[in-house]
Number of protein chains: 2
Amino acid sequence: MLPITITPEDDSGLCPVRAVLASVSGKWQSLILLSLEDGALRFSAVKRAIGDITQRVLTENLRSLERDGYLTRSVDAGPPVAVSYELTDLGRSLVEVYKPLVLWAAEHIGTVKDARARYDAAADGRAEKP
Amino acid sequence: MLPITITPEDDSGLCPVRAVLASVSGKWQSLILLSLEDGALRFSAVKRAIGDITQRVLTENLRSLERDGYLTRSVDAGPPVAVSYELTDLGRSLVEVYKPLVLWAAEHIGTVKDARARYDAAADGRAEKP
DNA sequence: CAGTATCCTTTACGATACTG
DNA sequence: CAGTATCGTAAAGGATACTG
């Protein structure tokens, strides 16, 4: 058994596990952290690395990750202005434990897709002949 | 560099990493998987283990995890009817790579909270004396 | 370049009531 | 017991235009 709780509250009114998991829940946070794995990137480079994220949402997520201490934001007042983002030690250590999950994903995506296909096929069968 | 892509598309129109990460994004999926770590649980037991999740949302999430092949659902037509959920091999292997993240969370939550407090304090300072 | 500002849609989630 | 049905809210995200 894990030495953890997943029940809603602790002394400070927030389950530690949930508080941290919330940092990587959502569509983009983890991808942003991963994009910075090999070193600092500028705003536009992060955007390019991910491909399909809007400026607004990227800014939001970067701010949130900065607030939690996973990355730093440094401004070089140009012109042109250049803002670069870099993982902190905390961020790097998070990415370290996060990477196995990413590798797992790459390895098992096939199984997941198959499971989905089978589940949906079975559901279709039930829908057609009720 | 990781042998992964986080760009939006692959041959099948979906990045493998994103597809799997989506399974554990959201507020509840990972907690549900963790609650089943030590063996099968009935619907009400999962609900109790998590504490604050509504029946509707729990059902939704269980269905989605079942669809992806992470857990199985077995019905014992009572009465009273008893439905139990259990991790598949796939689900167990996912939990294995996911657990380090949970332990990391328990370990580093203090650092994260401090970072948040400092960030918010700095933001307040800027708001008060603009 | 790295954002803001607006507006809008979608999705997740919450509350409550009802049922085989 | 393990759901479904309905209704409502809030948060996340998307599209587009504008700016120091």
Side-chain angles (χ1 to χ4, degrees), chain A residues 6 8-9 14-15 18-19 21-32 35-36 40-68 71-86 123 126-127 130, chain B residues 6 8-9 14-15 18-19 21-32 35-36 40-68 71-86 123 126-127 130:
Chain A
I6 56 175
E9 308 245 340
L14 190 65
C15 163
R18 293 194 191 191
L21 293 188
S23 303
V24 293
S25 290
K27 198 170 172 180
W28 305 113
Q29 287 99 319
S30 59
L31 298 179
I32 293 172
S35 78
L36 295 173
L41 289 181
R42 292 174 52 176
F43 183 89
S44 51
V46 175
K47 181 155 168 32
R48 218 175 10 254
I50 293 180
D52 58 341
I53 183 172
T54 60
Q55 277 186 341
R56 199 187 66 77
V57 171
L58 178 55
T59 302
E60 260 182 23
N61 279 270
L62 284 169
R63 290 280 190 279
S64 161
L65 293 168
E66 184 196 0
R67 180 172 108 102
D68 287 356
L71 52 81
T72 57
R73 171 176 184 274
S74 15
V75 183
D76 171 16
V81 28
V83 180
S84 75
Y85 294 89
E86 184 168 20
R126 266 177 271 117
Chain B
I6 55 175
E9 309 245 340
L14 188 65
C15 163
R18 293 195 191 192
L21 293 188
S23 303
V24 293
S25 289
K27 197 171 171 179
W28 304 113
Q29 288 100 318
S30 59
L31 298 178
I32 294 172
S35 78
L36 295 173
L41 289 181
R42 293 174 52 178
F43 183 88
S44 49
V46 175
K47 181 154 168 30
R48 217 174 12 253
I50 294 180
D52 58 342
I53 184 172
T54 61
Q55 277 187 340
R56 200 187 66 76
V57 172
L58 178 55
T59 302
E60 259 181 24
N61 279 270
L62 284 168
R63 289 280 190 281
S64 161
L65 293 168
E66 184 196 1
R67 180 170 107 103
D68 286 356
L71 52 82
T72 57
R73 172 177 184 272
S74 14
V75 183
D76 171 15
V81 28
V83 180
S84 75
Y85 294 89
E86 183 168 21
R126 265 178 271 117

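Each chain gets a letter, A, B and so on, in the order the sequences are listed, and its residues count up from 1.
In DNA chain C, the stems built from three or more successive Watson-Crick or G-U pairs (distances below 3.5 Å) are C:1-20 with D:1-20.
Interatomic distance, CG of B:Leu71 versus CG of B:Leu65, reported as 5.0 Å (0.5 Å rounding). The structure places OG1 of B:Thr59 at 9.5 Å from NZ of B:Lys47, a figure rounded to the nearest 0.5 Å. With rounding to the nearest 0.5 Å, the separation of CZ in B:Arg18 from OG in A:Ser30 is 9.5 Å. In this structure, CG in A:Leu62 is found 12.5 Å from CH2 in A:Trp28, a value given to the nearest 0.5 Å.
Closest approach of B:Gly26 to A:Ser25, counting heavy atoms only: O-OG, 3.4 Å. Contact between A:Ala22 and A:Gln29 at its shortest, heavy atoms only, is O-NE2, 3.8 Å. Heavy atoms only, all atoms of each residue included: A:Arg73 and A:Tyr85 are closest at NE-OH, 3.3 Å.
Atom CD of A:Glu60 and atom P of C:dA5 are 12 Å apart (whole Å). We find that CZ of B:Arg18 is positioned 13 Å from C1' of D:dG13, with the value rounded to whole Å. A straight line from CG of B:Leu41 to C1' of D:dC1 spans 15 Å, rounded to a whole angstrom. We find that CZ of B:Arg48 is positioned 11 Å from C1' of D:dC1, with the value rounded to whole Å. The distance between atom CG of B:Asp52 and atom P of C:dA15, rounded to the nearest whole Å, is 9 Å. Computed from coordinates, the B:Lys47 NZ to C:dG14 P distance equals 10 Å when rounded to whole Å.
Each of B:Leu31, B:Ile32, B:Ile50 was scored for a side-chain contact (heavy atoms from CB on, under 4.5 Å) with B:Asn61, with one residue passing: B:Ile32.
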Report, one pair per line, the protein and nucleotides 8-10 of chain C atoms (nitrogen or oxygen only) whose separation is under 3.5 Å.
none

For nucleotides 3-6 of chain D, give me every protein contact, N/O to N/O, under 3.5 Å, one pair per line with atom names.
from: D:dG3; atom 1: OP1; to: B:Arg73; atom 2: NE; distance (Å): 3.3
from: D:dG3; atom 1: OP1; to: B:Arg73; atom 2: NH2; distance (Å): 2.6
from: D:dG3; atom 1: OP2; to: B:Tyr85; atom 2: OH; distance (Å): 2.5
from: D:dG3; atom 1: N7; to: B:Gln55; atom 2: OE1; distance (Å): 2.5
from: D:dG3; atom 1: N7; to: B:Gln55; atom 2: NE2; distance (Å): 3.4
from: D:dG3; atom 1: O6; to: B:Gln55; atom 2: OE1; distance (Å): 3.0
from: D:dT4; atom 1: OP1; to: B:Arg63; atom 2: NH2; distance (Å): 3.1

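The stretch residues 22-29 of chain B touches DNA chain C through B:Gly26, B:Lys27, B:Trp28, each having a heavy atom under 4.0 angstrom from the strand.
The side chain to side chain donor-acceptor pair (under 3.5 Å) test applied to B:Arg63 returns no partner, not counting sequence neighbours. Not counting sequence neighbours, the partners of A:Ser23 by the side chain to side chain donor-acceptor pair (under 3.5 Å) test are A:Asp68, A:Tyr70.
With C:dC1, D:dA2, C:dG14 as the candidates, the nucleotide lying closest to the side chain of B:Thr54 is C:dG14. Comparing atom distances between the A:Arg42 side chain and each of D:dG13, D:dA2, C:dC1 picks out C:dC1 as nearest.
Side chain of B:Ser64 to main chain of B:Glu60: no donor-acceptor pair is present (N/O by atom type, distance under 3.5 Å, no hydrogens or angles).
Residue A:Ser44 places at least one side-chain N or O under 4.0 Å from the OP1 or OP2 atom of C:dA2.
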